[in-house]
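Throughout, numbering of the chain's residues begins at 1 and tracks the sequence. Computation of the quantities below employed the complete heavy-atom set of this structure, encompassing side-chain atoms and omitting hydrogens, waters and symmetry-equivalent molecules.
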Amino acid sequence: SRAMNYNNDYLCRVFKNHYGISLKEYINNEKILAAKKLLGSMDSTIKEIAEILGYTDTNLFVKFFKYHAGTSPTQYKNRYR
């Protein structure tokens, strides 16, 4: 929003009106999709995948993933690899 010289709230409102979901929801969905792709295709550790996705705390990534995906990253990795 800063780069485009718009107010944060305005851009979030326009995004939601256009796409039907909030910007935060969209970003969370994209992070979960990226995490699932990485978990299913890489031999990396959960910590490495968390770092790739921008998490400095692996525990926060695990909580985030479990909340949004309904399973832990380890369980997902074991199930879909």
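For Thr71 against Arg79, the heavy-atom pair with the smallest separation is OG1-NH2, 3.5 Å. Between Phe15 and Ile21 the shortest heavy-atom distance is CD2-O, 3.5 Å. Nearest heavy atoms, Leu53 versus Ala34: CD2-CB, 3.8 Å. In terms of heavy atoms, Lys77 sits closest to Leu39 at CG-O, 3.5 Å.
Residues Leu23 and Leu11 are not in side-chain contact: their nearest non-hydrogen atoms beyond the backbone lie 4.5 Å or more apart. Under the 4.5 Å side-chain criterion, counting only non-hydrogen atoms from C-beta, Ile27 is not in contact with Glu30. The closest side-chain heavy-atom distance from Lys36 to Phe65 is below 4.5 Å. Counting only heavy atoms from C-beta outward, the side chains of Ile49 and Phe61 approach each other to under 4.5 Å.
Going from atom CG of Asn7 over to atom CZ of Arg13 covers 7.5 Å, rounded to the nearest 0.5 Å. Glu51 CD to Glu48 CD: the interatomic distance, rounded to the nearest 0.5 Å, is 7.0 Å. With rounding to the nearest 0.5 angstrom, the NZ atom of Lys16 is 12.0 Å from the NZ atom of Lys24. With values rounded to the nearest 0.5 angstrom, Asn29 atom CG is found 8.5 Å from Ser22 atom OG. The distance from atom NZ of Lys66 to atom CD of Gln75, rounded to the nearest 0.5 Å, is 6.0 Å.
Ring-plane geometry between Phe64 and Tyr55 is classed as tilted, the angle between the planes lying from 30 to 60 degrees on a 0 to 90 degree scale.
Note on Leu38: it clusters hydrophobically with Leu60, by side-chain heavy-atom contacts below 4.5 Å among ILVMFWY residues. The hydrophobic cluster containing Tyr80 also contains Val62, counting ILVMFWY residues as joined when their side-chain heavy atoms lie under 4.5 angstrom apart, directly or transitively.
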